[in-house]
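Before any comments, here is the structure.
Here the structure is a predicted model, which is why all the values come from computation and not from measurement.
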There are 2 protein chains.
Amino acid sequence: MLPNPDEKLDPRVKRTRGLILASFESLLAEKNFKNISVQDVTDKAQINRATFYAHFQDKYVLLETFISKMFMQDIEKRTLNVCSYSSDNLRNLILAVCEFLGRLHTSCAQPHQQFESLVESTIKKQVFDLLSYWLRKSKVPTDIPATVAAWAIYGLASHYSHMKKRPILDKFVDEAFPLVAVNLEQFA
Amino acid sequence: MLPNPDEKLDPRVKRTRGLILASFESLLAEKNFKNISVQDVTDKAQINRATFYAHFQDKYVLLETFISKMFMQDIEKRTLNVCSYSSDNLRNLILAVCEFLGRLHTSCAQPHQQFESLVESTIKKQVFDLLSYWLRKSKVPTDIPATVAAWAIYGLASHYSHMKKRPILDKFVDEAFPLVAVNLEQFA
DNA sequence: TTGCTTATTCAACAGATGTTGTTAATTTAC
DNA sequence: GTAAATTAACAACATCTGTTGAATAAGCAA
């Protein structure tokens with residue numbers, strides 16, 4: 001989760017992946033995920049189609065990677081110290097998920113069932129990993145509270161981002177926070 | 001949700017769809033969803049591939065339909081009276097989701113990310129629809145508690161079905177039930 | 001620089017996808 | 001009971017997919 005493995009990469013690889021991701025991002029703003037072909041991505045990125053497959057298994061894996069990176073930015077903007085559980089960190093995590101979904105819904109021309117499903121499970125996994133990381137020092141098994149909390153956090157955020165009349169984000173999180181915290185604080 | 005629209009259907013349509021669904025079911029037992037092509041489905045169903053597209057947009061929609069139908073069977077086996085909320089109905093709903101996931105995991109040769117994602121959102125939508133239906137008489141807006149409850153129910157069931165050492169199902173549901181019920185009883 | 005390693009390109013392939021225009025069968029209405 | 005309207009079934013098409021093998025180019029270490 002935490003260590004960023006990007007640094008010591010062949011500059012050609014960095015360049016190519018960057019081009020692919022950027023191309024994909026701009027295509028998502030134009031059209032449905034379903035209607036984006038690998039061809040489209042490589043055309044806009046100005047690389048060969050075979051090169052794409054050297055870096056990503058298929059367009060679904062590309063989406064996962066893209067979503068993960070995008071979400072990571074939101075996380076890192078919010079949580080200064082990601083190393084261990086704190087009530088502040090949790091609060092910021094919830095905020096980050098809400099913000100991420102908001103950002104996603106403005107910057108993508110969807111919605112599409114498959115797309116939403118993949119985003120959902122990608123984020124839930126990231127949140128789960130982060131929570132597990134926070135709870136790793138605990139002596140009891142932590143997968144149950146981490147699972148429950150990951151579901152709760154995403155569910156709350158997703159609900160927030162679909163509300164017609166959204167309350168102030170901070171106010172919303174004030175209400176949501178204790179529902180999640182109670183599951184975690186006994187382990188952290 | 002409740003009314004079953006199958007009855008007054010062209011017998012040709014019923015036959016064709018039945019063949020497709022049956023073929024798909026047996027293919028899921030053999031291999032990964034990702035590796036099942038529309039060709040495979042229509043070959044086994046002994047219909048033309050184009051006919052498939054007259055009935056389903058693509059194989060993802062087929063999966064949704066299949067999952068919905070399968071889940072509906074579990075629902076109807078359990079809940080004798082689906083018309084309105086009762087504590088018994090809710091308990092049976094939770095049981096039905098747990099049983100469904102169990103059945104799915106034994107009868108399908110997976111797991112695969114995409115597959116799980118689509119199952120998840122399909123079931124969550126069905127549960128949400130049923131809960132909304134139960135709460136429809138309420139005067140206050142019910143989408144919030146229905147959303148939260150749908151997430152909670154699926155999260156609990158999914159967690160149960162992934163536990164290495166599963167407790168007795170009824171015992172598990174006894175614990176899970178109040179967590180969900182508290183959200184609903186104030187509206188029902 | 002020289003050579004070694006590895007990334008990218010290109011052409012070509014078999015197979016899968018989704019669409020379209022036509023034919024044949026089934027319903028419906030008279 | 002027959003004619004007209006509907007629609008399932010089909011064949012053929014252009015496109016997309018994922019992979020392979022060989023040629024080229026970019027990075028890197030000595």
(request) Could you check A:Phe33 against A:Tyr60 for ring pair (Phe, Tyr, Trp, His ring centres under 6.0 Å), going step by step and ending with a plain yes or no? (result) CA-CA 9 Å; A:Phe33 172 66; A:Tyr60 301 98; 5.6 Å; yes
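- Phosphate contact (OP1/OP2 of D:dA8, side-chain N/O of B:Asn48, threshold under 4.0 Å): absent.
- When the shell of 6.0 Å around NZ of A:Lys125 is examined, it contains 12 or fewer heavy atoms from other residues, nucleotides or ligands.
- The distance from the OG1 atom of B:Thr16 to the CG atom of B:Leu21 is 11.5 Å, given to the nearest 0.5 Å.
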(request) Give the intermediate values and the outcome of side chain to side chain donor-acceptor pair (under 3.5 Å) for residues B:Ser117 and A:Glu120. (result) CA-CA 8 Å; B:Ser117 292; A:Glu120 181 183 308; over 6 Å; no
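- At a cut-off of 3.5 Å, with distance as the only test, a side-chain donor of A:Asp40 or A:Ser37 sits close to an acceptor on the other residue.
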Which atoms of nucleotides 26-30 of chain D (N or O only) lie under 3.5 Å from a protein N or O atom, and what are those distances?
residue: D:dA26; atom: N3; partner: A:Arg12; partner atom: NH1; Å: 3.1

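- A residue-by-residue look at A:Gln46 and A:Lys34 shows that A:Gln46 has its nearest nucleotide of DNA chain C further toward the 5' end.
- Scanning DNA chain C 5' to 3' for nucleotides with an atom closer than 4.0 angstrom to a non-hydrogen atom of chain A gives a first and last hit of C:dT6 to C:dC10.
- Looking at A:Lys124, its side chain never comes within 3.5 Å of a backbone N or O of A:Thr147 through a donor-acceptor pair.
- Backbone-only engagement by B:Ser37 is indicated by non-hydrogen atom pairs under 4.0 Å involving sugar-phosphate atoms exclusively.
- Contacts of residues 54-66 of chain B with DNA chain D (heavy atom under 4.0 Å): B:His55.
- Rounding to the nearest 0.5 angstrom, the gap separating the NZ atom in B:Lys44 from the CD atom in B:Gln46 is 11.0 Å.
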